[in-house]
Amino acid sequence: MIVDCVGDLITGVEHVGSTAVEGLASKPIIDIDVIIDSYDVFLTVKDRLSKIGFEHEGNLGVEGRKAFKRTFVDDLMPSSYEIDQYTVDVSGHIRQY
């Protein structure tokens, strides 16, 4: 759904947070980072995501974060997403694109 909507503007989608680690206790919310090369494309990404039901919530108190909330519920997708230019790689280090 997200890749279909903004795939031409992003460099990747990563499942992050506690639900991304098998066996780790977690809340029933899946965190996803949508990686962009530059904030120059953010407004376009934001506009497109709003058309498929994702509401921009600002940074939620974390500098550089662009958080989104789903405005609909289904069995396929979680309720919360973040768009950020940072992601967590497999070894757990933060890297900047």
Side-chain angles (χ1 to χ4, degrees):
M1 170 188 265
I2 291 173
V3 173
D4 290 341
C5 178
V6 295
D8 61 318
L9 300 172
I10 65 174
T11 57
V13 177
E14 300 284 339
H15 179 196
V16 299
S18 57
T19 60
V21 181
E22 188 175 340
L24 187 65
S26 61
K27 296 178 183 176
I29 295 173
I30 296 174
D31 296 313
I32 296 174
D33 283 353
V34 177
I35 296 87
I36 56 178
D37 279 331
S38 166
Y39 278 113
D40 294 342
V41 299
F42 174 71
L43 290 178
T44 304
V45 170
K46 176 183 155 189
D47 290 342
R48 288 189 194 177
L49 289 177
S50 72
K51 291 177 183 173
I52 62 168
F54 295 91
E55 177 184 324
H56 182 234
E57 294 189 307
N59 70 9
L60 299 179
V62 177
E63 188 71 28
R65 178 190 291 175
K66 305 294 185 192
F68 287 78
K69 179 180 181 180
R70 284 186 53 152
T71 58
F72 62 96
V73 176
D74 63 19
D75 293 332
L76 179 63
M77 305 269 290
S79 61
S80 189
Y81 293 87
E82 289 181 10
I83 291 186
D84 201 296
Q85 73 183 67
Y86 298 92
T87 188
V88 178
D89 68 16
V90 177
S91 62
H93 301 294
I94 301 295
R95 62 179 181 229
Q96 184 175 7
Y97 286 91

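Linking ILVMFWY side-chain heavy atoms closer than 4.5 Å, directly or via other members, places L43 and V34 in a single hydrophobic cluster.
With rounding to the nearest 0.5 angstrom, the CZ atom of F42 is 13.0 Å from the CD1 atom of I10.
In this structure the side chain of I32 never reaches within 4.5 angstrom of the side chain of E14, judged on heavy atoms. Using a 4.5 Å heavy-atom threshold, the side chains of H56 and V45 count as separate. Residues T44 and L9 meet the side-chain proximity criterion, which asks for heavy atoms closer than 4.5 Å.
In terms of heavy atoms, A25 sits closest to S18 at O-CB, 3.7 Å. Pairing each heavy atom of L49 with each of C5, the nearest pair is N-SG, 4.1 Å. Considering all non-hydrogen atoms of both residues, V13 and V3 come closest at CG2-CG2, 3.8 Å.
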Side chain to side chain contact (heavy atoms under 4.5 Å, CB included) assessment of D8 paired with R48:
CA-CA 11 Å; D8 61 318; R48 288 189 194 177; 2.5 Å; yes

Using the salt bridge (charged side-chain N to carboxylate O under 4.0 Å, His left out) rule, take K66 and D33 through it: C-alpha gap first, then chi angles, then the decisive distance, then the call.
CA-CA 10 Å; K66 305 294 185 192; D33 283 353; over 6 Å; no

Evaluate side chain to side chain contact (heavy atoms under 4.5 Å, CB included) for R70 paired with F54, printing each intermediate quantity in order.
CA-CA 5 Å; R70 284 186 53 152; F54 295 91; 3.1 Å; yes

